Enquirer: 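For reference, the structure I am asking about is given below.
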Amino acid sequence: MDAAERRAAELAVQAQQLQQQLGDLTSGEGATYETSNNSLAKLRETNSKLKYQLATLARAVGNGNDSGGSAQIAGAAHGHDVKFTMPAEVDGQSIDVVKLLESLFSSAISAAFPTAVTTAMITRNTAKPPKGKGGKGKAEVANSTAPAAPAYQCTNAMALYKQLKGTAHEMKSPRDIAVVLIAAVPANPVIDRCEAGGPGFINIFVNKTFVTGQIQRLLTQGVFPPPVDKMHVTVDFSSPNIAKVMHVGHLRSTIIGECICRMLEFAGHTVDRVNHIGDWGTQFGMLIAHLKDKFPNYLDEAPPIHDLQAFYKESKARFDKDEEFKARAKLQVVSLQEFQPDVTKAWQLICDVSRKEFQDVYTRLDVTHTHELGESFYQSRMLQLFDDLSSQGHIENDPEGTACKYLFPGGNLNPLVIRKSDGAFGYQASDLATLRYRINETQSKWIIYVVDSGQSLHFEQIFAAARKVNMVPSDVRIDHVAFGVVLGPDHKRFKTRSGETVALKSLLDEGLQRAQQFRANKLKDRADRGQVAPTLSPEEAAKADEAIAYSCIKYADLSQTRIKDYVFSYDEMLNEKGNTAVYLINAYARIQQVLQQKETKDIDVAKEVLTTELLPEGCHAKQIRFAELLLRFPTVLNTAIDVLMPNHVCAFLYELAGNVHEFYEACQIIDRKKGIVHKDRLILFAAGAKVMEKCFDLVGLRFVDKM
């Protein structure tokens, strides 16, 4: 960097510092400066001179040197000289503000420091707005005098300072780098202003006009996802076993998988929702033999099996004690593998009974599958897989001389047992054949397995083996969405008092009973305090009870970091003041209560948003914060999908619900004394309801207008 370039950078720092001082003086926060008119005039004069010198030097540097670096220095001196194209607003798509800011600051970094190797790092400012006059939580008509906090921060300056040390672009401090980056940000409609703060953070204030425009789109067009590269995705989730009841161990795979499907579908991906049920194996021999003995006319009349779990236990007891029955059961397995008609019919009847029980649970949890492809579907494909791998030289014999056939995935991983010594295929061969089917036959480009973390090593082996035999193209993504286990109050695996696994249906039944009692207690509490509760019809009451019950169970799970275990507690789930579905539903109900008042119910917010200034000059800081928070939804969705973590959407919902209550308390919407409805605030509340509804849908929570 020559003398002119250094001087330009120094002047940029000084100009930014003076601009900060001017801002402090005019906002009344500059305690170390005189606030007289003379002081302001002197600062403005000095600032103007510095800007003139800066412009002159920048032109000199740009005209006197043909290198790209000097042109970018000129761009750094004049942020508007750095080229940036604002992405067009597309119907059906929203804007990810963080990605947009990353693009802007990446341009600024490249312009100001062309040798730097880094990407823009944008974080959200989580500090709450400072309190102004009257800002103590009470509803108020007057606007708070507290300034709005910056919505985002760029944190690159510190890392750049270390990276540039000892180079031609070295600067005195990270803060100086921050100032230069601010000057280099391209002209754009998103950022209102940037300020260097602390040791080098760049505080980013979003343009109110941009915020208003996005809220207008939200209310007039709907809540839409950000643009993505659309893919064909297969999500393998739930996967219960035929002839066994769904238990608490299936809860997490079922609701996490459903949530991931909803997020992917909303984003625009084509999703195959696959239920990979356990419908094949040696256990079917004893089930079929028992069915033939108990219901000999099963071919003509469907057997009345009402409790399949009891039926399974009966057959298992006979299998363990009766050698003659065990021998017949084994023969049934052979007949099933040969697809003999009478045995296949018995197998189908047993599967149908299970499917009905599964569907009862799925209906209550609002879970759907587009495909049910159990292990039986892949039997012929396993044989073809074995032949192909053998001809390619990938199958190896057992070193110990047994008839087992192995596939070694490489590294320190154990080999996969592709074929057992008796010629049967193992579950590893089944999973490998399943993966090949999804890649080659369904043409999936993203394959997601929602299975507990106890299977992590298994999937690591499967994926490694598939890549070793060149089964996985470079453009195919495969993820194992692992999750922890559900624990009881004793922090051990959740079981009944007798030590048995908790049936999922029983868990939902108790949840519904708890929700009914919860609502009855709330009604009594209101009556005791002389308060009038919303009147609910029997249908509305049943809807509210189910919404509370099933939403609480699902949200308690989805709000966790999925890889961790968590303690299942109905009491915690129904806590109105915690991070629970009840708290979220209450916040949504509060919005609806405001929107349905006699003063507001006839206001067309989709029409009023086009002519109403949503963030007027001097508006409350919490009003700005609430509006900016709504614009975070696309970023949250992108993050949740990228890492396949539903808890990101849950955390956003919880924060949004908290801001609903804070906004309501701080910013009066209906002033009955003056007969005024503050339409700007009402519109923001309506927009908040729209975003909450979409998040509820993505997470699979039911919501109600009245509690």
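Just the heavy atoms: all of them, side chains too, but no hydrogens, waters or symmetry mates, feed the values below. Model, not experiment: these values are computed from the prediction.
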Enquirer: What is the minimum heavy-atom distance between L701 and L584, and which atoms define it?
Expert: CD1-CD1, 4.2 Å
Enquirer: List in chain and number order the residues that pass ring pair (Phe, Tyr, Trp, His ring centres under 6.0 Å) with F311, two or more places apart in sequence or in another chain; answer none if no residue qualifies.
Expert: H290
Enquirer: Starting from the C-alpha separation in whole Å, work towards a yes-or-no answer on side-chain contact (heavy atoms from CB on, under 4.5 Å) for H458 and V451.
Expert: CA-CA 11 Å; H458 166 71; V451 185; over 6 Å; no
Enquirer: Using the test salt bridge (Lys or Arg N to Asp or Glu O under 4.0 Å), find all partners of E441 that sit at least two apart in sequence or belong to another chain.
Expert: R381
Enquirer: Mind checking salt bridge (Lys or Arg N to Asp or Glu O under 4.0 Å) for K99 and listing every partner two or more places apart, or none if nothing turns up?
Expert: none
Enquirer: So, for L416 and Q428, which heavy atoms are closest and what is the spacing to 0.1 Å?
Expert: CA-OE1, 3.2 Å
Enquirer: If the condition is ring pair (Phe, Tyr, Trp, His ring centres under 6.0 Å), which residues does F295 pass it with, not counting sequence neighbours?
Expert: none
Enquirer: Pick from T370, T368, D236: which one makes a side-chain hydrogen bond (donor to acceptor under 3.5 Å, both in side chains) with R273?
Expert: T368
Enquirer: Can you list the residues that meet the salt bridge (Lys or Arg N to Asp or Glu O under 4.0 Å) rule with R562, with sequence neighbours excluded?
Expert: none
Enquirer: How would you list, by chain and number, every residue that makes a side-chain hydrogen bond (donor to acceptor under 3.5 Å, both in side chains) with D571, sequence neighbours excluded?
Expert: R514
Enquirer: Might you point out which heavy atoms bring I350 and L308 nearest each other, and give the distance in Å?
Expert: O-CD2, 4.0 Å
Enquirer: Holding to salt bridge (Lys or Arg N to Asp or Glu O under 4.0 Å), I want the full list of residues that pass it with D452, two or more places apart in sequence or in another chain.
Expert: none
Enquirer: Which of parallel (below 30°), tilted (30 to 60°) and perpendicular (above 60°) describes F633 and F652?
Expert: tilted
Enquirer: On a heavy-atom basis, which atom in M573 and which in C552 lie closest, and how many Å separate them?
Expert: O-SG, 3.4 Å
Enquirer: Please lay out, stage by stage, how T363 and Q359 fare under the test side-chain hydrogen bond (donor to acceptor under 3.5 Å, both in side chains).
Expert: CA-CA 6 Å; T363 299; Q359 190 55 50; 3.2 Å; yes
Enquirer: Parallel, tilted or perpendicular: which fits the ring planes of F459 and F463, with parallel below 30° and perpendicular above 60°?
Expert: tilted
Enquirer: For Y378, enumerate each residue passing the ring pair (Phe, Tyr, Trp, His ring centres under 6.0 Å) test, keeping only those at least two apart in sequence or located in another chain.
Expert: H276, Y437
Enquirer: Specify the closest pair of heavy atoms between P409 and L413, including all atoms of both residues, with the distance to one decimal.
Expert: CG-CB, 3.6 Å
Enquirer: For this output row, return yes or no: ring centroids of F425 and Y427 closer than 6.0 angstrom.
Expert: no
Enquirer: In chain order, what residues pass the side-chain hydrogen bond (donor to acceptor under 3.5 Å, both in side chains) check against N275, with sequence neighbours excluded?
Expert: Y362
Enquirer: Just grab all the side-chain hydrogen bond (donor to acceptor under 3.5 Å, both in side chains) pairs involving residues 467-489, residues at least two apart or on different chains.
Expert: K445-D475, W446-D479, R477-D479
Enquirer: Y583: which residues meet the ring pair (Phe, Tyr, Trp, His ring centres under 6.0 Å) condition with it, sequence neighbours left out?
Expert: Y654, H661
Enquirer: Taking only residues two or more places apart in sequence, or in another chain, which ones meet R436 in a side-chain hydrogen bond (donor to acceptor under 3.5 Å, both in side chains)?
Expert: D388
Enquirer: Determine whether the aromatic ring centres of residues F339 and W280 are separated by less than 6.0 angstrom.
Expert: yes
